[in-house]
Amino acid sequence: MDILLERKSIRKYVKGNVKDKDLEYILRAAMSAPSAAHMRPWQFIVVKNKDIHEKIAEIHPYSKMILSAPLAILVVGDESKALGNYFAQDCAAASQNILLAATAKKYGAVWCGIYGDKERQNKFIKLFNLPKNIKPFSLIVIGKPDDNSKQKDRFESKKVKYEVWK
Ligand SMILES: Cc1cc2nc3c(=O)[nH]c(=O)nc-3n(C[C@H](O)[C@H](O)[C@H](O)COP(=O)(O)O)c2cc1C
């Protein structure tokens, strides 16, 4: 399976846990992401507790799929540790690696956005009791997929220019 072309957001899950060794693989992939000047400003909070899942579904309007998932990974990080303004890019690269690693291990995953929405960020800061320097970036919900449909080919040649804009 070509995971780069097959990956898609999965929001429906069948019963079943994410195996510990797969979770470690997924987190290893996250920490293999590039970061500006190799600052690695991110950290990862693994959330399996169903009570916390319910609270997340209350504060994030587009994360209801978490209610049927075994776990989620909250990507957080120290904005002041990142080089310049690269915090978001660093965390985005780690988030994408999580999605791809989950796909490689035959799980379904979806990225729920937090960074960029101040109000939502503040709600996550409160719920997770995050220290002042740690900012939430994304929530990646992972489970066994209840959707085995194929991803479409999304290549669009018109989105590619060569040498200059024309
Ligand atoms: C920054 C960002 C924020 C997103 N937030 C949400 C979200 O809150 N809830 C959700 O269900 N999907 C969310 N998504 C997933 C997108 O809806 C999805 O990637 C897009 O529709 C393309 O579909 P695909 O992932 O299947 O290729 C987000 C994706 C990104 C990159």
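Numbering of ligands and ligand atoms starts at 1, following listing order.
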Checklist line | Protein heavy atom at shortest distance from atom 22 (C) of ligand 1 | finding: Arg154 NH2, 4.1 Å

Margin query: Tell me whether Lys48 is salt-bridged to Asp20, with the criterion being a basic N under 4.0 Å from an acidic carboxylate O.
Written below: yes

Item checked: Joint hydrophobic cluster, Val46 plus Phe44, side-chain heavy atoms closer than 4.5 Å -> yes

Notebook entry, point to check: How far is atom 5 (N) of ligand 1 from its nearest protein heavy atom, and which residue and atom is that?
Noted result: Gly113 N, 3.0 Å

Next item on the list: Give a yes or no on whether the backbone of Met31 and the side-chain of Arg40 come within a donor-acceptor separation of less than 3.5 Å.
Entry: yes

Notebook entry, point to check: Are Glu54 and Lys50 within salt-bridge range, i.e. N to O under 4.0 Å?
Noted result: no

Checklist line | Shortest heavy-atom approach to atom 21 (O) of ligand 1 - which of Arg7, Arg11, Gln151, Lys8 | finding: Arg11

Check: Near Met65, which atoms of ligand 1 are under 4.0 Å from a heavy atom of that residue?
Finding: 11 (O)

Item checked: Distance from atom 9 (N) of ligand 1 to nearest protein heavy atom, with residue and atom -> Tyr62 O, 2.9 Å

Notebook entry, point to check: For atom 1 (C) of ligand 1, what's the nearest protein heavy atom and its distance?
Noted result: Trp111 NE1, 3.5 Å

Next item on the list: Tell me which protein heavy atom sits closest to atom 8 (O) of ligand 1, plus the residue, atom name and distance to 0.1 Å.
Entry: His60 CE1, 3.1 Å

Checklist line | Element-labelled atoms of ligand 1 that are located less than 4.0 Å from some non-hydrogen atom of Val110 | finding: 10 (C), 11 (O), 12 (N)

Check: Cation over ring, Lys135 on Tyr115, under 6.0 Å and within 45°?
Finding: no

Next item on the list: Specify the protein heavy atom at minimum distance from atom 20 (C) of ligand 1: its residue, its atom name, and the distance to 0.1 Å.
Entry: Ser9 OG, 4.6 Å

Checklist line | Polar side chain donor-acceptor pair, Lys8 to Thr103, under 3.5 angstrom | finding: no

